[in-house]
Amino acid sequence: MHVARCLSLYSASLRQEQEPNMLIRTHNCGQLRDSDVGATVRLNGWVNSYRGHGTGLVFIDLRDRYGLTQLVFDGEDLPKDVLDAADHLRNEDVLAIEGTVRLRTGGENPKLITGKIEIEVSKLEVLNKTANPPFLPDDIAKLPNEELRLTYRYIDLRRPKMQQIMQTRHKLSKVTRDYFHENGFLEVDTPILYKSTPEGAREFLVPSRNVAGGWYALPQSPQLFKQILMVAGCDRYIQLCRCFRDEDPRADRQAEFTQVDLEMSFVRREHVMDMMEGYVRRLWKEMLNVDVPPVQRMTYREAMERFGIDRPDTRYGLEITDISELAGRSDVGFFKEALAKGTDRPKFNSRRGVVKAIRVPGGSEKLSRKITDGYNEFVRSFGAGGCAVVKMTAAGQLETGIAKLLESVKDELIKTLGLQAGDTVLFVADVYSTATKSLGELRQKVARDMGVVPKPGIEGGPWNFLIVIDFPMFERDKESGRWMAMHHPFTAPRDDQAQAFVDADVNDEVTIESIVSAGYDIVLNGQEIAGGSIRIHDGKAQSKVFQLLGLTPEQAKEKFSFLLEALSYGAPPHGGIAFGLDRLVMNFIGTDNIRDVIAFPKTQIGADLMTRAPSMVSDEQLKELYVKSTFTPPAKA
RNA sequence: GGGGCGGUAGCUCAAUUGGUUAGAGUACCGGACUGUCGAUCCGGUGGUUGCGGGUUCGAGUCCCGUCCGCCUCGCCA
């Protein structure tokens, strides 16, 4: 075993120097077997549990990250002072011991990999006595609340489960580096202290001491550095990099997170997608011995039409059907109101009025009135006016809600949706973007309520990969009405759209919204695990994007002159992608809490409970940075 | 910024409608015990019920504010 060899070399080299005042380990706590019986060994570790039988006999389970080994202090053969010391050991004390491996005389413990043997201790050194810990690193007992776990993270991380997570994360990083190394990628570090640019997310700022009034920003991603590395002839770049976005966190989102970031020169999007598919296949094979079949591709429009979301969970049905034409001939007032918002626009235009529906097989039994009332509130939180509900009876009639008003189109509706007795239908009528989004979110909620969401992949459920392509280049910001880049401002139009984009009138809303990018996302079981695109490598096209986004040429120059200049000096066609490393680990661990896969995560307000960051700094520190705080502490009563 | 849930012994939890001295398990301390393995048995210490106000004869419980943690909408290219 590799670890064992390192350890024995280490202790051997120590012995050649001065005799250390410590029993340096010869083995770890997960290593010894019945084949080692008779050997004299030294172990180091923490007391995981203490089972004393008075002054005569003491059992200790000694723990390190490799496992547990039982120690026995047997009074018949031990000096009294050693036995006394053993008798006062407590959970989490740190020990060094020397002893002899022997078969257990009191029966094996099948729960432990070292369960056939025990160490008959002859020497004991207490390396550090612990204070009474606030909790024990125990995977069997109920976990203390997360606040406490984060405050004493070093104790929480001692838990075997957390050790396993850190090992999984390490292995993922290693497989990643292996794969991309084998494919000719070069790992390059990019700066953490970067420039403030209006790329999307709110930035963390760092004041400069040497440049009065100057500020760095922490990178939201190394996006422009990796593109410039392509201009620099790097050809294939990879980095496991930390990214920073000063936005509110979620269960699967932290302000500080890690990406598998990469970029390739002289490629079309198929090359990048193939490389990514190869990566995913390699990862799942090495991490879980799972063979990932060829990944299906789906256009953004198909995803939105069928699933109402750009990261569809294809593990279950409950697909969305557009019934606008039929709804227009019904007697439902709010259907007609929604359709009146404009049906003359193109089919997928965000402002087109539509009526959409989800058929829920067997819903009338499982979805109570209380639940469907909740759906009404639910879709309202996404901006829709409400959610209408009808049920199909055994007699083939529609009932509840707007059933009567649908009478004139009943047969068509039944045929279009394929309704059967016991089904429930959920309707939303609004403009395309709102109706689609709210039904897309509702679909996922209904799936949970109906119990049709399979187990997570790690628990034997399916791994449904999907690559979504052909995203719109731009979408309207809901509040300002301005154009926003759907992926980011450096995304190129799809090859066949490039000319249309260059020719497009920036005021031609319908055309601008219809232009499709060369972007791609990788979706796993309804979760976006990676996103990327072919980039613009032409300065003129890049300038046009900036113009569309509302940047004046002066602003574009001030913020992005380095990019525009770089593009002008022989930039190769290039594209790339970034995977959310934390989310990958979450899938391999089977957790929906991103904090579980980060050694030292932050809370909802970005606090590190262990170090108590962020903290106040002195006026002297601020002054040196040319910064004056406007914060005034609240007056104390 | 909005909505929701939570905060009681070191930890996990309980405490009837607002009513006696806020309990239990565990950890910790002391004692017993030579084959345990989440050891067992006996005894003990341990409380600003997050914090601040209010209502009440009386508040862990009701009200207001605030802090912290979690979930979520907005936000996150």
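So you know, we letter chains A, B, ... as the sequences are listed, proteins then strands, and number each from 1. Values reported hereafter were calculated over all heavy atoms of this structure, with side chains retained and with hydrogens, waters and symmetry mates removed.
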Inset, instruction - Please report, rounded to the nearest Å, how far the C1' atom of U36(B) is from the CG atom of L112(A). - result: 12 Å

Inset, instruction - Mind checking G531(A) for me? I need base, sugar-phosphate or nothing, with any heavy atom below 4.0 Å counting as a touch. - result: nothing

Legend entry - Residue-phosphate contact under 4.0 Å: R250(A) side-chain N/O, C73(B) OP1/OP2: yes

Legend entry - Under-4.0 Å side-chain N/O to phosphate OP1/OP2 contact, R51(A) with A39(B): yes

Legend entry - Residue F382(A), side-chain heavy atoms: nucleotide from G74(B), C37(B), U34(B) that is nearest: G74(B)

Legend entry - I140(A), nearest nucleotide to its side chain (from G35(B), G69(B), G38(B)): G38(B)

Inset, instruction - Check the distance between A27(B)'s C1' and L136(A)'s CG and give it to me in whole angstrom. - result: 7 Å

Legend entry - Ion pair check, E263(A) and R535(A), cut-off under 4.0 Å: yes

Legend entry - Polar side-chain contact N109(A)-C37(B) base: donor and acceptor under 3.5 Å: yes

Legend entry - Any strand: nucleotide that pairs with U61(B) via Watson-Crick or wobble, under 3.5 Å: none

Legend entry - Base paired to A24(B) (Watson-Crick or G-U; both N/O distances under 3.5 angstrom): U12(B)

Legend entry - Identified pairing partner of C5(B), criterion: Watson-Crick or G-U wobble below 3.5 Å: G69(B)

Inset, instruction - Check the surroundings of atom CZ in R482(A): do more than 12 heavy atoms from other residues, nucleotides or ligands lie under 6.0 Å from it? - result: no

Inset, instruction - Test for a donor-acceptor pair under 3.5 Å between the base of G74(B) and the side chain of D248(A), counting only N and O atoms. - result: yes

Inset, instruction - Please work out whether the ring planes of F490(A) and F546(A) are parallel, tilted or perpendicular, with thresholds of 30° and 60°. - result: perpendicular

Legend entry - Distance in angstrom units between H88(A) NE2 and A27(B) C1', rounded: 17 Å

Inset, instruction - May I have the distance from E247(A) (atom CD) to C73(B) (atom P), rounded to whole angstrom? - result: 14 Å

Inset, instruction - Give a yes/no answer on whether the side chain of K437(A) brings an N or O atom under 4.0 Å of OP1 or OP2 in G74(B). - result: yes

Inset, instruction - Indicate, with a heavy-atom threshold strictly under 4.0 Å, whether P144(A) touches base, sugar-phosphate, or nothing. - result: sugar-phosphate

Legend entry - Check: R595(A) side chain, G69(B) base, donor-acceptor under 3.5 Å: no

Legend entry - T603(A) side-chain N/O to C68(B) phosphate OP1/OP2 under 4.0 Å: no

Inset, instruction - Report yes or no: is there a donor-acceptor pair, N or O only, under 3.5 Å between the side chain of R102(A) and the base of G35(B)? - result: yes

Legend entry - Distance-only donor-acceptor test, T105(A) side-chain atoms vs G35(B) base atoms, 3.5 Å: yes

Legend entry - Electrostatic pair R476(A):E509(A) at N-O distance under 4.0 angstrom: yes

Inset, instruction - Select base, sugar-phosphate, or nothing to describe what I605(A) touches, counting heavy atoms under 4.0 Å on all strands. - result: sugar-phosphate

Inset, instruction - For Q444(A) and C73(B), give me the distance from atom CD to atom P, rounded to whole Å. - result: 11 Å

Inset, instruction - For the pair R149(A) and D596(A), find out whether any cationic side-chain nitrogen is under 4.0 Å from an anionic carboxylate oxygen. - result: yes

Inset, instruction - Could you tell me the separation between the CG atom of L62(A) and the P atom of C37(B), rounded to a whole number of Å? - result: 19 Å

Legend entry - Touch class at under 4.0 angstrom, heavy-atom based, for Q604(A) against every strand present: base

Legend entry - Whole-Å P distance, U8(B) and U61(B): 13 Å

Inset, instruction - Would you mind classifying the nucleic acid contact of N145(A) as base, sugar-phosphate or nothing, using non-hydrogen atoms under 4.0 angstrom? - result: sugar-phosphate

Inset, instruction - In whole angstrom, give me the gap between the C1' atoms of U40(B) and U34(B). - result: 14 Å

Legend entry - 4.5 Å side-chain heavy-atom contact, I536(A) and T491(A): no

Inset, instruction - Could you say whether K111(A) or S221(A) is positioned toward the 5' end of RNA chain B, judged by the nucleotide with the nearest heavy atom to each? - result: K111(A)

Legend entry - Atom C1', compared across A22(B) and C13(B): separation rounded to whole Å: 13 Å

Inset, instruction - Describe the nucleic acid contact of L68(A) in one word from base, sugar-phosphate, nothing, applying a heavy-atom distance below 4.0 Å. - result: nothing

Inset, instruction - For G23(B) versus G4(B), give the span between their C1' atoms, rounded off to a whole number of Å. - result: 30 Å

Inset, instruction - Using a strict cut-off of less than 4.0 Å between a Lys/Arg side-chain nitrogen and an Asp/Glu carboxylate oxygen, indicate whether R51(A) and D61(A) qualify as a salt bridge. - result: yes

Inset, instruction - Indicate yes or no: at least one non-hydrogen side-chain atom of I598(A) is less than 4.5 angstrom from one of Q254(A). - result: yes

Legend entry - Among C11(B), C75(B), G35(B), the nucleotide that comes nearest once only the side chain of E118(A) is considered: G35(B)

Inset, instruction - Would you indicate what K445(A) reaches in the nucleic acid, counting non-hydrogen atoms under 4.0 angstrom: base, sugar-phosphate, or nothing? - result: nothing

Inset, instruction - Give one of base, sugar-phosphate or nothing for E146(A), where a contact means two heavy atoms less than 4.0 Å apart. - result: sugar-phosphate

Legend entry - Check ion pair R159(A)-D139(A) (N to O, under 4.0 angstrom): yes

Legend entry - Q70(A) vs K142(A), nearer the 5' end of RNA chain B by closest nucleotide: K142(A)

Inset, instruction - Please evaluate the base of C75(B) for a donor-acceptor partner in the side chain of R253(A) within a cut-off of under 3.5 Å? - result: yes

Inset, instruction - Let me know the distance between NZ of K602(A) and P of C70(B), rounded to the nearest Å. - result: 13 Å

Legend entry - Distance between P atoms of U49(B) and C42(B) (Å, rounded): 31 Å

Legend entry - Pairing partner (Watson-Crick or G-U wobble, both distances under 3.5 angstrom) of G43(B): C29(B)

Inset, instruction - Name the nucleic acid region contacted by G52(A), choosing base, sugar-phosphate or nothing; use a 4.0 angstrom heavy-atom cut-off, strictly under. - result: base

Legend entry - Test: R153(A) and D156(A) ion pair at under 4.0 Å: yes

Inset, instruction - Could you let me know what C76(B) is paired to, Watson-Crick or G-U wobble, both distances under 3.5 Å, or none if it's on its own? - result: none

Inset, instruction - Would you kindly check whether a donor in the side chain of R104(A) faces an acceptor in the base of C37(B), or vice versa, at under 3.5 angstrom? - result: yes

Legend entry - R90(A) side-chain proximity, nearest of G35(B), G30(B), C70(B): G30(B)

Inset, instruction - Quickly work out the L89(A) CG to A39(B) P distance and round it to whole Å. - result: 14 Å

Inset, instruction - Go ahead and name the base partner of G35(B); Watson-Crick or wobble counts if both distances stay under 3.5 Å, otherwise write none. - result: none

Legend entry - Of the listed nucleotides G35(B), A27(B), G69(B), the one nearest the side chain of N91(A): A27(B)

Legend entry - Inter-nucleotide C1' distance (U20(B), G30(B)), Å rounded: 32 Å

Inset, instruction - Determine the contact category for G106(A): base if any of its heavy atoms lies under 4.0 Å from a base atom, sugar-phosphate if only primed atoms, P, OP1 or OP2 are that close, otherwise nothing. - result: base

Legend entry - Gap in Å between the two P atoms, one belonging to G44(B) and one to C5(B), rounded: 41 Å

Inset, instruction - Using the aromatic ring of F59(A) (for Trp, its six-membered ring), decide whether it stacks on the base of U36(B) within the limits of 5.5 Å and 30°. - result: yes

Inset, instruction - Rounded to whole angstrom, note down the C1' distance from C76(B) over to C67(B). - result: 26 Å

Inset, instruction - Describe the nucleic acid contact of L148(A) in one word from base, sugar-phosphate, nothing, applying a heavy-atom distance below 4.0 Å. - result: sugar-phosphate

